[in-house]
Amino acid sequence: MKKVLSVLAAATLTLAATTQAAQAADTYRNYAELAAHETEGQDYRRDQRFPRGAKVAHIAIHGGAIESPSTQLADHAAGSKYAYYSFSGLKPEGNSTLHITATRFDEPRALKLVGAVDHTVSWHGASGDDATTYVGGRDAKLIAKVTKALRAAGFTVAEEVPDKIGGDSPSNIANRNRRGMGVQLEISRGQRERFFAGGKLARAWVEDPAHRTRDFYRYVAAVNKALA
């Protein structure tokens, strides 16, 4: 029993260390620090829409070339019905320096938009060659509905979500809406590549709707079906 407890404790410490390391890897601790060193319109861009009466927000806080194509997915999912926000990396290279961990993403426009809705879907890109999605967050009911809808549409959803991308912290921007709970979609690279012809994820390529595959539209439709 002591050996089992020791193994569990070690695993817990390893996961905690991994999470802390991921956060420490960010170049900037918050938006103010980023804005002081990067140029808006040149290095990054902020976009948003808020249709009258919108109660759902689709957001991409690591958009553009940071975690491609989260901006395009959130934008299409929001359409003209739901609220939309994207923080997009525009650099020719090195956009990872613009990554601010979701628990510390405090860009004012994003906080205001998310704080005005009841439901949030935060779109992200995860690593991995297999086509799969990790559905996390604090909104257990919506997580179950999104998972069911994606699987019904033929997409793979992981049975478990790694702690470091679980999205269940109250400080995660996905959970900072009026209900204090949202959904975080971490989509593997293998799945994201299936959304575009040739599996290309370069920013210029994904910005052209002509390069989208049928899976792109089927995936977004499945997520929105869960919100209906």
Verify the distance criterion only: is there a donor paired with an acceptor across the side chains of T101 and D26 at less than 3.5 Å?
yes

Taking atom types as modelled, find out whether T97 and H99 have a side-chain donor-acceptor pair closer than 3.5 angstrom.
no

Heavy-atom donor-acceptor pair, R178 side chain to A116 backbone, under 3.5 Å:
yes

Closer than 3.5 angstrom, by distance alone: can the side chain of T213 be matched with the main-chain N or O of R194 as a donor-acceptor pair?
yes

Which atom names give the shortest non-hydrogen contact between A110 and I173, and what distance separates them?
CB-CD1, 3.7 Å

Sidechain-backbone polar pair: Q184 side chain, I165 backbone, donor-acceptor under 3.5 Å:
yes

Test item: R138 and P170 side chains (from C-beta on) under 4.5 Å apart, heavy atoms
yes

Cluster overlap M181 with I143, hydrophobic side-chain contacts below 4.5 Å:
no

Test: K91 and E38 ion pair at under 4.0 Å
yes

Are T120 and N177 close enough that a side-chain donor and a side-chain acceptor fall under 3.5 Å?
yes

Using a 3.5 Å distance criterion without hydrogens, assess whether the side chain of N224 forms a donor-acceptor pair with backbone atoms of A77.
yes

Fit a plane to each ring of F87 and Y31, take the angle between them on a 0 to 90° scale, and name the class: parallel (under 30°), tilted (30 to 60°) or perpendicular (over 60°).
perpendicular

Regarding T71 and S88, do their side chains bring together a donor and an acceptor under 3.5 Å, going by distance alone?
yes

Side chain to side chain contact (heavy atoms under 4.5 Å, CB included) evaluation trace for Y219 with L150:
CA-CA 7 Å; Y219 191 101; L150 285 173; 3.7 Å; yes

